[in-house]
Amino acid sequence: MPGESEAKEKKNFQPGVPQVKTDAFFLRGSGGLDWGMKSRLARIFSPKSGRTVMLAFDHGYLYGPTTGLERMDLSIVPLIPYIDVLMCTRGALRSVIPADTRKPVVLRVSAGATILKEMSHECVAVDIDDAVRLDAAAMAAQVYIGGEYEHDTIRNLSELINAGNRCGIATLGVTAVGREMARDARYLGLATRVIAELGAHFVKTYYCPEGFEDVVAGCPVPIVIAGGKKMPEIDCLTMCYNAVDQGARGVDMGRNIFCADAPIAMARAVAAVVHENLKPDKAFKMYEELKGEMKGRKKKG
Ligand code: 5RP
């Protein structure tokens with residue numbers, strides 16, 4: 001009898017204790033999102049540091065087998081334990097990334113052009129069903145503000161946000177800078193703000209030495225920076241330090257990690273800067289030491 005068993009159970013409703021609040025969320029501009037979206041964002045950004053190290057290796061969709069990505073099974077897979085997020089195409093994911101890595105995926109879903117043509121001429125190449133099948137935590141699309149096909153790339157992003165919102169999958173808007181355009185605070189401020197206003201949940205942009213703090217301040221959602229062309233490791237670590245110091249929530253970096261002299265050492269040094277605010281000189285020392293250890297191990301082996 002229900003009445004009998006209930007009488008025996010000792011209930012503990014504690015009516016005088018207010019329910020623990022769960023509505024505060026650690027990411028800028030994300031407090032009003034639904035549970036699934038927040039949960040996915042909390043896989044991308046560490047709830048402890050509020051930051052992320054995303055490894056970008058989606059370049060092949062534009063550049064083909066570019067330097068460092070000729071064999072992603074050899075160059076990217078060994079880096080997986082040292083980064084927080086995989087940012088790649090569905091082709092790379094399905095063909096070379098083991099499904100038991102447990103790292104969240106930010107899926108590159110815009111495509112349609114290559115370096116041989118006008119790069120802003122993109123469409124959405126992956127439907128939301130496939131993003132769900134691939135367990136994507138977020139989808140990423142390029143937006144070419146001021147580019148020839150600006151309107152189409154804004155529409156691509158908006159369509160993705162609509163589809164992602166239906167399924168609780170976040171959207172990363174990527175500020176793609178055309179060849180002729182200046183990467184200054186005025187342009188990046190415009191591009192990041194437009195992308196955030198369209199509803200992207202986080203924005204990828206470039207670091208600019210002058211006025212980056214204003215770019216971050218004017219963008220109501222988290223910003224992560226791209227690495228850009230390969231540069232000396234100390235310069236890259238300095239850029240990462242300055243970017244997070246000025247408000248970036250981490251990096252979405254490719255060539256400066258997978259083309260480094262010692263990619264694992266670089267991934268670990270970047271992570272120490274991003275998550276622990278390690279100063280650039282110390283991070284570079286860490287990089288050099290790890291690189292030395294790895295070379296020593298290789299010689300012995
Ligand atoms: C390509 C991208 C790349 O993911 C981005 O440029 C990051 O890579 P890198 O650090 O090598 O610049 O968005 O369009």
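Whatever order the structure lists ligands and atoms in, that order sets their numbers, starting from 1. Along the sequence shown, the residues carry numbers beginning at 1.
Short contacts between ligand 1 and Arg108, defined as distances under 4.0 Å to a heavy atom of the residue, involve ligand atoms 1 (C), 2 (C), 13 (O), 14 (O). Remark: ligand 1 atoms within the under-4.0 Å shell around heavy atoms of His59 are 8 (O), 9 (P), 11 (O). Those atoms of ligand 1 that come under 4.0 Å of a heavy atom in Ala56, given as number and element, are 4 (O), 7 (C), 8 (O). Distances below 4.0 Å separate heavy atoms of Lys204 from the following atoms of ligand 1: 2 (C), 3 (C), 4 (O), 5 (C), 7 (C), 13 (O). Annotation for ligand 1: atoms under 4.0 Å from non-hydrogen atoms of Met253 are 10 (O). Every atom of ligand 1 is numbered from 1 in the order shown, and the set under 4.0 Å from a heavy atom of Gln142 is 13 (O), 14 (O). Applying the 4.0 Å criterion to heavy atoms of Asp252 picks out, from ligand 1, the atoms 7 (C). If you number the atoms of ligand 1 from 1 as listed, the ones under 4.0 Å from a heavy atom of Arg255 come out as 9 (P), 10 (O), 11 (O), 12 (O).
For the residue pair Arg108 and Ser110, a side-chain donor N or O sits within less than 3.5 Å of a side-chain acceptor on the partner.
For ligand 1, none of its N or O atoms has an N or O atom of Val174 under 3.5 Å away. For ligand 1, one of its N or O atoms has an N or O atom of Gly227 under 3.5 Å away. In terms of N/O distances under 3.5 Å, ligand 1 is not approached by Tyr61. Residue-to-ligand polar distances keep Lys229 apart from ligand 1: every N/O pair is separated by 3.5 Å or more.
Remark: Arg71 engages Asp73 in a salt bridge, criterion side-chain N to carboxylate O under 4.0 Å. Electrostatic pairing of Glu289 and Lys291 does not count as a salt bridge here, judged by no charged N lying under 4.0 Å from a carboxylate O.
Val143 is not listed as a side-chain neighbour of Val194, based on a closest heavy-atom distance of 4.5 Å or more.
Aromatic ring pairs are classed by plane angle as parallel below 30°, tilted from 30° to 60° and perpendicular above 60°; the pair Phe258 and His59 is perpendicular.
With sequence neighbours excluded, the residues satisfying ring pair (Phe, Tyr, Trp, His ring centres under 6.0 Å) with Tyr207 are Phe212.
For atom 4 (O) of ligand 1, the closest heavy atom belonging to the protein is Asp58 OD1, 2.6 Å.
By the 4.0 Å heavy-atom criterion, Lys230 is excluded from the residues contacting ligand 1. Not a single heavy atom of Asn256 sits less than 4.0 Å from an atom of ligand 1.
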Donor-acceptor pairs are to be reported for all side-chain atoms of residues 224-237 against protein atoms at under 3.5 Å, with residues two or more places apart or in another chain.
| from | atom 1 | to | atom 2 | distance (Å) |
| --- | --- | --- | --- | --- |
| Lys230 | NZ | Glu233 | OE2 | 3.4 |
| Glu233 | OE2 | Asp261 | N | 3.2 |
| Glu233 | OE2 | Tyr287 | OH | 3.3 |

(Q) Show, in sequence, the C-alpha distance, side-chain angles and deciding distance for Asp130 and Arg90, and conclude whether the salt bridge (charged side-chain N to carboxylate O under 4.0 Å, His left out) test is met. (A) CA-CA 9 Å; Asp130 216 23; Arg90 64 179 169 184; 2.8 Å; yes
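Around the CZ atom of Arg186, the shell of radius 6.0 Å holds no more than 12 heavy atoms that belong to other residues, nucleotides or ligands.
Of all the heavy atoms in Ala140 and Val174, the pair that sits closest is CB-CG2, 4.3 Å.
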